Amino acid sequence: MIVKLKKKNSRYPDLTFGQPYVVIGIEADELRILNDAGRPFLYRPTLFSLVDSGEPADWVTEFGDDGERYSYPPALNKAGFFEDFFDQKAKAVATFWRALNGRLATSQRTQMAKAQPRDGNRRPTRLSHA
């Protein structure tokens, strides 16, 4: 899932208007994204417009007593995980960055595949090494 901030908001200086953000989880109906300061914070979904509604197939989804949604990849779907992350516990920090790097790589491949021509006449992409 990819979202963009709807409008510039001085209450959220860690978000950039028009910047696409990959949603890395949903907690109590709020979106967890990696903000411009590199922190995985929760934000109200009403702040964003939806760019790509596709959700990773491996997300574990649960609902709370009041119907609020919780969805995370399995590695991040443990009670107290983000408390441990923000307390800088080494295992949680390493797990988070490993899961995030995997998610971003998958998201990038998905976006590239959507951008490719569908006529079957694609040429292989060459990577330049600078």
Side-chain angles (χ1 to χ4, degrees):
M1 177 185 304
I2 300 172
V3 296
K4 283 187 180 181
L5 189 64
K6 287 181 183 177
K7 62 182 181 178
K8 188 174 173 95
N9 188 326
S10 61
R11 291 187 60 203
Y12 302 98
D14 53 356
L15 298 173
T16 301
F17 170 70
Q19 170 71 33
Y21 295 97
V22 174
V23 176
I24 56 177
I26 298 172
E27 187 167 325
D29 294 329
E30 293 194 339
L31 306 178
R32 189 171 297 275
I33 64 170
L34 193 66
N35 64 26
D36 296 346
R39 306 293 287 171
F41 286 165
L42 291 169
Y43 297 94
R44 294 186 328 257
T46 56
L47 294 171
F48 302 94
S49 58
L50 199 56
V51 173
D52 183 344
S53 63
E55 293 183 14
D58 69 338
W59 273 10
V60 177
T61 298
E62 300 169 347
F63 293 91
D65 293 338
D66 295 323
E68 70 279 16
R69 182 178 173 196
Y70 298 83
S71 295
Y72 278 108
L76 309 182
N77 192 41
K78 294 174 181 49
F81 177 83
F82 281 96
E83 288 82 357
D84 289 348
F85 174 84
F86 286 112
D87 286 343
Q88 299 182 2
K89 293 187 178 177
K91 184 176 179 183
V93 170
T95 298
F96 172 78
W97 289 112
R98 187 171 39 257
L100 181 67
N101 285 333
R103 181 66 60 223
L104 293 175
T106 299
S107 178
Q108 179 66 26
R109 285 192 299 271
T110 300
Q111 290 301 312
M112 290 175 62
K114 287 180 180 180
Q116 292 293 328
R118 301 196 189 275
D119 64 4
N121 293 325
R122 294 187 312 199
R123 290 185 181 180
T125 302
R126 295 185 70 157
L127 299 176
S128 63
H129 299 283

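Nothing here was measured: the structure is a model prediction, and the numbers come from that model.
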Return the set of residues passing side-chain hydrogen bond (donor to acceptor under 3.5 Å, both in side chains) with [X] (not counting sequence neighbours), or none when no residue passes.
{"X": "D29", "value": "none"}
{"X": "S49", "value": "none"}
{"X": "E68", "value": "Y70"}

Calculate, to the nearest 0.5 Å, the distance between atoms CG and CG belonging to L42 and L31 respectively.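 Reported to 0.5 Å precision, the distance equals 8.5 Å.
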Euclidean distance, F85 CZ relative to L76 CG, rounded to 0.5 Å: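 L76 CG to F85 CZ: 9.5 Å, rounded to 0.5 Å.
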Atom pairs and distances, side-chain donor-acceptor, residues 53-60, under 3.5 Å, sequence neighbours left out:
residue, atom, partner, partner atom, Å
E55, OE1, R69, NH2, 2.4
E55, OE2, R69, NH1, 3.2
E55, OE2, R69, NH2, 3.2
D58, OD1, R103, NH2, 2.9
D58, OD2, R103, NH2, 3.3

Run the ring pair (Phe, Tyr, Trp, His ring centres under 6.0 Å) test against [X] and tell me which residues pass, sequence neighbours left out.
{"X": "F86", "value": "F41"}
{"X": "F81", "value": "none"}
{"X": "Y72", "value": "F82"}

Pairwise side-chain hydrogen bond (donor to acceptor under 3.5 Å, both in side chains) hits with a residue in residues 3-12, at least two apart: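 Found Y12-R44.
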According to a 4.5 Å side-chain heavy-atom criterion applied to Ile, Leu, Val, Met, Phe, Trp and Tyr, with indirect links allowed, do Y43 and F17 form part of one hydrophobic cluster?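 Each belongs to a different hydrophobic cluster.
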Give the minimum heavy-atom separation between P40 and G38, together with the two atoms involved.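 What the structure gives for the nearest pair is CD-O, 4.1 Å.
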For K89, salt bridge (charged side-chain N to carboxylate O under 4.0 Å, His left out) partners two or more places apart: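 Checked K89 against salt bridge (charged side-chain N to carboxylate O under 4.0 Å, His left out); matches are D84.
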Suppose we screen for salt bridge (charged side-chain N to carboxylate O under 4.0 Å, His left out). Which residues come up paired with D14, at least two apart in sequence or across chains?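 By the salt bridge (charged side-chain N to carboxylate O under 4.0 Å, His left out) rule, D14 matches no residue at all.
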Those residues that, when tested against L5, pass side chain to side chain contact (heavy atoms under 4.5 Å, CB included) (two or more places apart):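 Testing L5 for side chain to side chain contact (heavy atoms under 4.5 Å, CB included), a comparison that skips the adjacent residues, returns L15, L47, F48.
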Sub-4.5 Å side-chain heavy-atom contact between I26 and M1: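 Yes - at least one pair of side-chain heavy atoms lies under 4.5 Å apart.
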Do Y21 and D36 have side chains that get closer than 4.5 Å, going by heavy atoms?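 With C-beta onward as the side chain, the pair touches.
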Show every salt bridge (Lys or Arg N to Asp or Glu O under 4.0 Å) that has at least one partner inside residues 16-28, sequence neighbours left out.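 Found E27-R32.
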